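Remember, it's a predicted structure, so these values are computed and weren't measured experimentally. Just so it is clear, the values below take in all heavy atoms, side chains as well, and ignore hydrogens, waters and symmetry mates.
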Amino acid sequence: MKERNIIKMNDKENTREFQDVVEILQEEILIPEVVMEKANQAFDAIKAEQNQRSYKETVRKSQKRSWKKICILAAAATLTLGGVTAGAAVYMKWSKGLSEGMKATEEQMIKAEESNLAAPVNQTFEVNGIKVTAVQSIVDSHFAMLSFKVDGYRNICPKGSQPLFNDMEIWVDGYNPGEEGGYDTARNFSINGKTYDGYVVGEDGMAVRASDGTTMSEARENGTYTYFMEDGSFEWQVILANEDTEGTFLDKSIHVELKDLGTIPKATFIPDVEGTWSFDWTLTGSEAREERELNAPLGDTGAKLTYVKLSPISITLTYNCTDKTTRPPRFYGIRLKDGTVWSHLLLGPGSDSSLPDENGDFFTTFALNRILDINDVEAILFFGNELADGESYEVKNIEKNCYAVPLKE
Amino acid sequence: MHDIVQAIRRRGDYMDEKLIKKARERDADAFTELMRSQMQNMYKTARSVLEHEEDAADAISDTILACWEKIGQLKEDKYFRTWMTRILVNKCRDIQRKKAALFFTENVPEVAAEEKGFRNLEWEQTLDSLEERYRTAVILYYTEGFKTSEIAEILGIPESTVRTRLARAREKLAVHYEISKTRRKMV
């Protein structure tokens with residue numbers, strides 16, 4: 001950060017002497033060794049946590065400290081969900097990340113295509129021997145999930161490294177949020193990119209490989225953790241989000257530029273293949289949702305759920321707490337009409353009020369990590385009592401204590 | 001000059017925006033790079049609240065972990081620095097409270113001036129010429145470039161109080177400057 005050099009010249013009291021004093025304070029100073037040592041320990045802990053995450057430990061801690069962590073870790077998958085409709089067949093070839101990664105059954109994929117929620121793109125752009133194909137999109141009123149298949153990089157990529165693009169520039173309806181000159185709240189969106197690694201979160205919240213249930217630490221130990229598919233390609237996923245305004249992406253033209261392919265071995269991007277891969281198409285999507293205004297108390301917490309909007313790929317919740325010091329209970333998951341409970345649903349990106357607004361309202365909007373049949377959703381669930389000290393995380397205990405708000409009258 | 005500095009700041013913020021976005025996606029490498037870029041800022045702020053380096057080190061490491069845990073709660077990328085600094089100040093205050101609650105506090109020996117180097121010594125002497133409530137406001141305003149409204153939010157005090165503290169700090173710093181100038185002449 002360079003802003004430490006700022007001298008605010010509008011102070012009437014500013015004299016040359018005073019500026020000298022301020023310049024002393026603005027000088028770069030030596031950071032003591034003890035500070036760097038402890039900071040490095042924290043960075044190491046974070047890296048270790050990401051590399052070999054013990055989910056139960058994480059959940060136990062986050063039950064007491066931060067519900068958001070559960071949500072972010074909860075990129076889940078199970079291979080047991082749903083049955084395949086006899087004789088049905090998807091019309092387009094889905095990417096792995098948006099099919100197995102979103103736990104989509106074949107029936108759901110068909111519905112998603114028929115409702116235009118999911119659409120093929122199938123555009124290929126080749127630069128310096130790297131072929132990138134825009135495969136498909138899934139779009140609702142707040143989020144756009146895009147999938148790109150990258151061929152030709154496996155033999156270049158250093159073993160074990162995560163392949164990724166160094167930069168992305170995206171214009172939707174001609175608007176690029178990264179461009180200088182103006183900020184349009186209604187059109188603004190965040191851009192999030194990641195390499196799909198085949199890992200999702202299982203029913204108990206543990207990260208597992210979607211294809212065979214292997215845990216991440218097992219895969220790292222036995223050397224099978226990889227970002228590459230059997231055919232040598234990898235999948236680059238992009239999620240665009242505008243949590244505040246609806247319709248930013250629906251039926252809008254999109255221009256995507258993926259720039260420079262490489263890895264980040266030690267916190268610095270190392271490009272292996274320089275170039276820009278460009279794509280243009282029109283995003284189609286679906287505004288399908290279950291939406292309700294209500295006034296449902298969440299137990300005796302003093303918080304009420306006042307609004308729910310559930311799309312097949314995202315959820316929006318509004319809570320109200322008359323006592324502004326109260327935080328509303330955390331979103332836990334959904335209960336289907338057949339009694340099945342799905343938790344660990346929040347994928348992100350998303351936004352979540354950390355403080356209430358002047359009316360005591362809290363707002364939450366998140367992309368989900370699986371495709372929902374919104375007509376099958378019976379209730380929205382919120383965490384009940386917090387776990388007591390020493391009490392272990394048991395999914396069934398939590399479900400038993402949840403506050404349930406029916407989605408339909 | 002102010003315009004130039006603001007332009008540099010915008011460029012710096014733009015670079016950080018990319019890291020913030022990646023960090024929000026739970027990219028540990030991007031998060032680490034982002035927080036490393038904030039070490040000067042964090043140390044100066046922590047040191048403005050806490051007297052000892054060891055305590056500042058604890059507050060900063062706690063802040064790094066807390067930011068990693070809570071970065072998903074950050075509503076907008078542009079508020080990252082305000083959000084992080086608020087967490088840091090709160091961590092510093094936690095440490096202050098814990099120390100105040102002890103009957104006996106360990107007397108941490110001061111590090112010899114030679115070991116710190118003249119640069120830090122002058123910086124610390126200037127900083128320590130102010131009482132804590134003025135120090136933090138001055139660091140956040142003059143070295144971190146926060147607006148008074150942002151400082152009010154970070155410190156949890158009215159903006160008018162921030163302005164008062166800055167005005168008093170300016171008077172005190174002017175006195176400090178005169179004294180240290182006189183001393184230098186005597187030497």
Side-chain angles (χ1 to χ4, degrees), chain A residues 1-11 13-15 17-18 20-22 24-32 34-39 41-43 45-47 49-51 62 65-66 68-69 71-73 167 178 180 190-194 264 266-268 348-354, chain B residues 1-2 5 8-9 11-12 14 16-18 21 24-26 28-33 35-41 43-44 53-54 56-58 60-61 64-65 68-70 72-73 75 77 81 116-117 119-120 122-123 126-127 138-139 141-145 167 170 173-174 176-178 181:
Chain A
M1 284 267 180
K2 305 269 172 53
E3 62 269 35
R4 63 171 172 271
N5 292 323
I6 291 170
I7 292 180
K8 306 210 172 179
M9 299 295 285
N10 54 348
D11 299 319
E13 299 92 332
N14 253 343
T15 60
E17 288 77 15
F18 179 66
D20 286 347
V21 174
V22 168
I24 291 169
L25 292 173
Q26 290 174 339
E27 277 180 1
E28 190 155 321
I29 57 171
L30 297 170
I31 298 176
V34 63
V35 175
M36 290 311 300
E37 266 176 28
K38 289 199 173 178
Q41 285 168 10
F43 293 134
I46 287 165
K47 190 69 185 167
E49 184 215 64
Q50 195 171 58
N51 285 345
S62 54
R65 295 185 311 191
S66 166
K68 196 52 163 292
K69 195 162 185 177
C71 306
I72 288 178
L73 289 173
D167 198 8
E180 295 267 347
S190 65
I191 302 171
N192 307 271
K194 69 168 187 176
I264 302 183
K266 285 184 182 172
T268 304
S351 67
D352 182 50
S353 308
S354 54
Chain B
M1 177 172 181
H2 194 71
V5 173
I8 292 169
R9 182 182 184 181
R11 212 162 50 229
Y14 179 68
D16 285 335
E17 278 170 17
K18 291 181 179 177
K21 277 179 184 158
R24 288 178 69 176
E25 294 160 28
R26 310 293 292 169
D29 291 332
F31 178 80
T32 298
E33 189 180 345
M35 296 305 280
R36 281 194 192 286
S37 74
Q38 302 297 314
M39 286 302 290
Q40 275 279 331
N41 304 341
Y43 178 65
K44 284 185 174 177
E53 291 173 355
E54 290 76 8
D58 286 337
I60 289 169
S61 63
I64 291 167
L65 293 171
W68 174 246
E69 186 181 331
K70 295 176 180 173
Q73 295 175 11
K75 187 146 173 107
D77 294 351
R81 288 189 68 240
K116 290 181 177 178
R119 215 174 180 188
N120 275 15
E122 190 180 34
W123 184 84
T126 306
L127 186 71
V138 162
I139 289 292
Y141 187 74
Y142 285 107
T143 80
E144 303 310 313
R170 279 192 285 266
L173 282 172
H176 165 77
Y177 182 84
E178 284 304 316
K181 197 165 66 176

Note to self: With heavy-atom distances below 4.5 Å as the criterion, would you say the side chains of B:Glu54 and A:Val35 are in contact?
What the structure shows: no

Checklist line | Spatial distance of atom NZ (B:Lys18) from atom CG (A:Asp167) [nearest 0.5 Å] | finding: 3.5 Å

Next item on the list: Name the region of B:Asp77, side chain, backbone, both or neither, that has any atom closer than 4.5 Å to a heavy atom of chain A.
Entry: neither

Next item on the list: Report the residues that fulfil salt bridge (Lys or Arg N to Asp or Glu O under 4.0 Å) with B:Lys21, sequence neighbours left out, ordered by chain and then residue number.
Entry: none

Notebook entry, point to check: Should A:Lys47 and B:Thr32 count as side-chain neighbours, where that means a heavy-atom distance under 4.5 Å?
Noted result: no

Item checked: Heavy-atom side-chain proximity of B:Ile60 to A:Lys38 below 4.5 angstrom -> no

Check: Got a second to check how far A:Phe43's CZ is from B:Asp29's CG, nearest 0.5 Å?
Finding: 11.5 Å

Notebook entry, point to check: ring-ring contact (aromatic ring centres under 6.0 Å, His included) with B:Tyr43: which residues, sequence neighbours excluded?
Noted result: none

Notebook entry, point to check: To the nearest 0.5 Å, what is the distance between CG (A:Leu25) and CD (B:Glu122)?
Noted result: 9.5 Å

Next item on the list: State, to 0.1 Å, how close A:Ala42 and B:Ile64 come at their nearest heavy-atom pair, and which atoms those are.
Entry: CB-CG2, 3.9 Å

Notebook entry, point to check: If you tally heavy-atom pairs under 4.5 Å against chain B, which of A:Ala39, A:Pro32, A:Gly193 wins?
Noted result: A:Pro32

Item checked: Atom of A:Ile46, atom of B:Ala28 and distance for their closest heavy-atom approach -> CG2-CB, 4.0 Å

Note to self: Rounded to the nearest 0.5 Å, what separates atom CH2 in B:Trp123 from atom CD1 in A:Ile24?
What the structure shows: 12.0 Å

Check: Would you say the side-chain atoms of A:Gln26 pair up with the backbone N or O of B:Tyr142, donor to acceptor, closer than 3.5 Å?
Finding: yes

Note to self: I'd like to check A:Met36 versus B:Met39 (side-chain heavy atoms, cut-off strictly below 4.5 Å). Are they in contact?
What the structure shows: yes

Next item on the list: With rounding to the nearest 0.5 Å, note down the distance linking CD in A:Glu28 to OG1 in B:Thr143.
Entry: 11.5 Å

Check: Which value, rounded to the nearest 0.5 Å, describes the distance between A:Ile31 atom CD1 and B:Gln40 atom CD?
Finding: 4.5 Å

